[in-house]
S.K.: 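Please find one structure pasted underneath; my questions will follow.
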Amino acid sequence: MTRALVLLSLALVVFRILSAAFVVTQPGFTDAYYYVDVARRLAHGEGLTADFIWNFLEAPRLEALPVPSHRFWMPLATVVQAVGIAGLEPVLGTFRSAQAAIIAVAAFVPAAAYVSARSIGASSRGALVAAALAGLGGFTFAPAWVTLDSFAIAALVGTLFFVAFRRAAAGDVRAGAIAGALVGLLFLARAEGALFGVALLVLALRPSTRAAGVAGSGVALAIGLVWLARGLALPGSPAIALVKGVLLVRYEDFFALTPSGTVDVVSLIGVRLSALWSDLIVALAALLLFLAAPLWLGLRGGWRLPAVRAFAGLALLIYVAEGVVWPLHATRGSYFHSLAAFYPFGMALVALGGETWLARLDLTARRIATFGTLLAVLALAVFGLSNWDSSFNEGYRARVAALDAIPPGPFLAIDAAAWRWISGRTVLIAPADGPETAACLAIRYRAQSLVLEPAHFSAYQSLYDGAGSSWFGQSAERGGIRVYTPFMENPGCRLPDEVR
């Protein structure tokens, strides 16, 4: 089956390239813009730094630019893209060279799914189905495998973790160390990846697997501590990130210098219950709904295997952690991102459960069911790519069309990472506090304008609606994107004491 797997993987690489060429032609959303903005600087020898401010977590004292990057997001996606830019930028340009690096990682996802399916008892044909399902991704992950984000990286590293964990659970110390290194890498791709280390701690508690568990936990901890030490060495309190990520009930306040939303126990509980319900829907959608049944059968059939139990336990742990600890971020993409690390192994379980269910049917019926499922997933993948195009490319074109209306020099906008990429200029987040604080920041960073899009923070609604302002006057509009010029001699400018 090696030849069949190679041919399948190559076919899926072609599908990835076509997806990139015709649909994912720009980063698309804030995370991806951020990663590639910094990756370009890293590839050019400027380190993990940002010459824009997407959130005040990275400039807690309104430091001069550039500022240290990745105080909230993790660095591995940026590092991978920087490798692509360093090697291919002269030929492909910045975006395509970064994307080529991601596609190269995604090329191994089907093989990882194949190996994981075989490791839990699926036949070689069933493992090929798992590889195809993982590689196609359905309407949820088909675009994700070629976006400038951590999806493909987390998918590959997470799947290899479960493969290594199988041997570590048998007492193999070297496999335990490898699993620990994979946990460390997964943490550098996604912060919640650190929770995969819980499975290694469980091994460390058992006499028969203690050495493997300790080795893995030690390696994972060493990698994690190096990154955490970097964060502690940066100016500003790390507690700011914790408060902004955990104790807020309004997502807008994550982008404010001074959060205005009130926090009470009822609100905190309500936000978390809402996030848990929303995340459950996301999980079912990622399984394309009709794959949930074979996944359950696969879990039941493979429950005797430590890797399968680890998969179920970690999936539940991260579901709860995302909904309870990071509810505001979970409902805005964080939980969906976290599912990437589980998806290929999940498809391996789908293949295992599907074989169990199909065994009762004759050969013709099995073939019809298998190829019908693959065609349905392919159709959903095409639909997902179409949806990505309408969701992100239209907004990108609107921003590009509005560039000529923005005066030269730095400016403020709601999505600083995206506008930094599109404009090539210094861009600062328009704070959720409102126009007064924005005017102060314009003075602090010598920004020449404020750009408001149809989607903006609520504090700017009256300004966007045309009400007069003591801080900004409208100067241009392009298709709903409005540009305002600050009154630099504003006598009412006040910044919070802690960032003056």
S.K.: Once the angle between the rings of Y343 and F141 is folded into 0 to 90°, is it parallel (under 30°), tilted (30 to 60°) or perpendicular (over 60°)?
M.R.: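 Geometry flag for F141 against Y343: tilted rings.
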
S.K.: Does the plane of the ring in H329 sit parallel, tilted or perpendicular to the ring in Y251? Use 30° and 60° as the thresholds.
M.R.: perpendicular

S.K.: Mind checking the CG-CD1 spacing from L57 to I429? Nearest 0.5 Å is all I need.
M.R.: 11.0 Å

S.K.: How about V483 and P407: do any of their side-chain heavy atoms sit closer than 4.5 Å?
M.R.: yes

S.K.: Fit a plane to each ring of Y35 and W73, take the angle between them on a 0 to 90° scale, and name the class: parallel (under 30°), tilted (30 to 60°) or perpendicular (over 60°).
M.R.: tilted

S.K.: Would you say that L186 contacts F161 through its side chain, given a criterion of any heavy-atom pair below 4.5 Å between the two side chains?
M.R.: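 The answer is no, as the side chains (C-beta and beyond) never meet within the 4.5 Å cut-off.
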
S.K.: Give the minimum heavy-atom separation between P27 and A32, together with the two atoms involved.
M.R.: O-CB, 3.4 Å

S.K.: Taking S278 for its side chain and S274 for its backbone only, find out whether a donor-acceptor pair lies under 3.5 Å.
M.R.: no

S.K.: How close do F290 and P294 get, counting heavy atoms only, and between which atoms?
M.R.: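 Between these two residues, the closest heavy atoms are O-CD, 3.4 Å.
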
S.K.: What pairs of residues pass the salt bridge (Lys or Arg N to Asp or Glu O under 4.0 Å) test when at least one of them lies in residues 400-410, not counting sequence neighbours?
M.R.: D404-R478

S.K.: Which heavy-atom pair separates A312 from L299 by the least distance, and what is that distance?
M.R.: CB-CD2, 4.2 Å

S.K.: F336 vs F151 aromatic rings, parallel, tilted or perpendicular, using cut-offs 30° and 60°?
M.R.: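 F336 vs F151 ring planes: tilted.
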
S.K.: If you measure from CG on L380 to CG on L136, what distance do you get to the nearest 0.5 Å?
M.R.: 10.0 Å

S.K.: Testing the basics here: between G346 and L295, what is the closest heavy-atom pair and its distance to 0.1 Å?
M.R.: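 Distance-wise, the nearest heavy atoms are O-CD1, 3.6 Å.
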
S.K.: Please list all pairs passing the salt bridge (Lys or Arg N to Asp or Glu O under 4.0 Å) test where one or both residues lie in residues 73-95, with sequence neighbours left out.
M.R.: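 Passing the test, one end in residues 73-95: no pairs.
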
S.K.: When rounded to the nearest 0.5 angstrom, what is the spacing between CG in L339 and OG1 in T140?
M.R.: 8.5 Å

S.K.: Please answer whether the main-chain N or O of A113 pairs with a side-chain N or O of S116 as donor and acceptor at a distance below 3.5 Å.
M.R.: yes

S.K.: Would you say S386's side chain and V382's backbone share a donor-acceptor pair under 3.5 angstrom?
M.R.: no

S.K.: Decide yes or no for F139 and N387: does some side-chain heavy atom of the first lie under 4.5 Å from some side-chain heavy atom of the second?
M.R.: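 The answer is no; the side chains never approach within 4.5 Å.
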
S.K.: Does F165 form a side-chain contact (heavy atoms from CB on, under 4.5 Å) with F311? I'd like the steps, not just the answer.
M.R.: CA-CA 10 Å; F165 185 84; F311 171 88; over 6 Å; no

S.K.: Within a strict 4.5 Å, meaning less than it, do heavy atoms of the P68 and R230 side chains meet?
M.R.: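 They are in contact (side-chain heavy atoms under 4.5 Å apart), so the answer is yes.
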
S.K.: Applying salt bridge (Lys or Arg N to Asp or Glu O under 4.0 Å) as the test, list every pair that has at least one member in residues 36-52; sequence neighbours left out.
M.R.: D37-R40, R41-E46, R41-D51, D51-R420

S.K.: Ignoring hydrogens and geometry, is there a side-chain-to-backbone donor-acceptor pair from S69 to L48 under 3.5 Å?
M.R.: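 Between the backbone of L48 and the side chain of S69 there is a qualifying donor-acceptor contact (under 3.5 Å).
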
S.K.: Ignoring hydrogens and angles, write down the donor-acceptor pairs under 3.5 Å from the side chains of residues 16-23, residues two or more places apart or on other chains.
M.R.:
| unit_1 | atom_1 | unit_2 | atom_2 | d |
| --- | --- | --- | --- | --- |
| R16 | NH1 | G135 | O | 2.4 |
| R16 | NH2 | G135 | O | 3.4 |
| S19 | OG | F15 | O | 2.8 |

S.K.: Would you check if T25 and R96 make a side-chain contact, meaning some heavy-atom pair closer than 4.5 Å?
M.R.: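 Side-chain contact under 4.5 Å: yes.
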
S.K.: Using atom types as modelled and distance alone, determine if a side-chain donor or acceptor of R425 lies under 3.5 Å from a backbone N or O of P410.
M.R.: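 Judged by distance alone, no pair lies under 3.5 Å.
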
S.K.: Starting at CG of L257, measure out to CG of D433 and round the result to the nearest 0.5 Å.
M.R.: 5.0 Å

S.K.: Rounded to the nearest 0.5 Å, what's the gap from CZ on R118 to OG on S123? Could you check?
M.R.: 7.0 Å

S.K.: Tell me the closest heavy-atom pair linking P66 and T49, and the distance in Å.
M.R.: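 Where P66 meets T49 most closely, the heavy atoms are CB-CB, 4.3 Å.
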
S.K.: For residues 388-402, which residue pairs pass the side-chain hydrogen bond (donor to acceptor under 3.5 Å, both in side chains) check, not counting sequence neighbours?
M.R.: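 side-chain hydrogen bond (donor to acceptor under 3.5 Å, both in side chains) check on residues 388-402 returns Q26-N393, D389-N393, R399-E453.
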
S.K.: Is any side-chain heavy atom of F255 closer than 4.5 Å to a side-chain heavy atom of I414?
M.R.: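 No, their side chains stay 4.5 Å or more apart.
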
S.K.: Under the side-chain hydrogen bond (donor to acceptor under 3.5 Å, both in side chains) definition, can you give me all pairs with a residue in residues 190-199, not counting sequence neighbours?
M.R.: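 Listed once each, the pairs are R190-E192, R190-S334.
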
S.K.: Evaluate side-chain contact (heavy atoms from CB on, under 4.5 Å) for L463 paired with L450, printing each intermediate quantity in order.
M.R.: CA-CA 11 Å; L463 178 62; L450 165 69; 3.9 Å; yes

S.K.: Decide yes or no for F196 and L182: does some side-chain heavy atom of the first lie under 4.5 Å from some side-chain heavy atom of the second?
M.R.: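 The answer is no; the side chains never approach within 4.5 Å.
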
S.K.: Got P344 and L156 here, is their nearest side-chain heavy-atom distance under 4.5 Å?
M.R.: no

S.K.: Any chance you could lay out the side-chain contact (heavy atoms from CB on, under 4.5 Å) test for I102 and T147, step after step, and finish with the verdict?
M.R.: CA-CA 7 Å; I102 296 297; T147 58; over 6 Å; no

S.K.: Determine yes or no for a side-chain-to-main-chain donor-acceptor pair under 3.5 angstrom, with Y335 supplying the side chain and A283 the backbone.
M.R.: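 Side chain of Y335 to backbone of A283: no pair is present.
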
S.K.: Measuring from atom CZ of F52 to atom CG of L65, what distance do you get when rounded to the nearest 0.5 angstrom?
M.R.: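 F52 atom CZ to L65 atom CG measures 9.5 Å (nearest 0.5 Å).
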
S.K.: Describe, in one word, how the ring planes of W54 and F72 are oriented to each other, choosing from parallel (under 30°), tilted (30 to 60°) and perpendicular (over 60°).
M.R.: tilted

S.K.: Hey, can you tell me if W419 and F411 have their rings parallel, tilted or perpendicular (30° and 60° cut-offs)?
M.R.: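 Because their plane-to-plane angle is over 60°, the rings of W419 and F411 count as perpendicular.
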
S.K.: Once you measure the plane-to-plane angle for F457 and Y460, does it fall in the parallel (<30°), tilted (30-60°) or perpendicular (>60°) bin?
M.R.: tilted

S.K.: Nearest heavy-atom pair of A131 and L12: which atoms, and what distance?
M.R.: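 Where A131 meets L12 most closely, the heavy atoms are O-CD1, 3.9 Å.
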
S.K.: When the ring planes of Y34 and H70 are compared, do they come out parallel, tilted or perpendicular, using 30° and 60° as the limits?
M.R.: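 The arrangement is perpendicular - the two ring planes meet at more than 60°.
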
S.K.: Under 3.5 Å, is there a donor-acceptor pair between the side chain of S150 and the main chain of I153?
M.R.: no

S.K.: Counting only heavy atoms not in W357, do more than 12 sit closer than 6.0 Å to its CH2 atom?
M.R.: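 Open.
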
S.K.: Check for a donor-acceptor pair, side chain of Q448 on one end and backbone N or O of R446 on the other, with a separation under 3.5 Å.
M.R.: yes

S.K.: Under the side-chain contact (heavy atoms from CB on, under 4.5 Å) criterion, do T30 and D415 qualify, and how do the steps go?
M.R.: CA-CA 7 Å; T30 301; D415 191 341; 2.8 Å; yes

S.K.: Is the side chain of H456 donor-acceptor paired with the backbone N or O of P454 at a distance under 3.5 Å, no angle test?
M.R.: yes

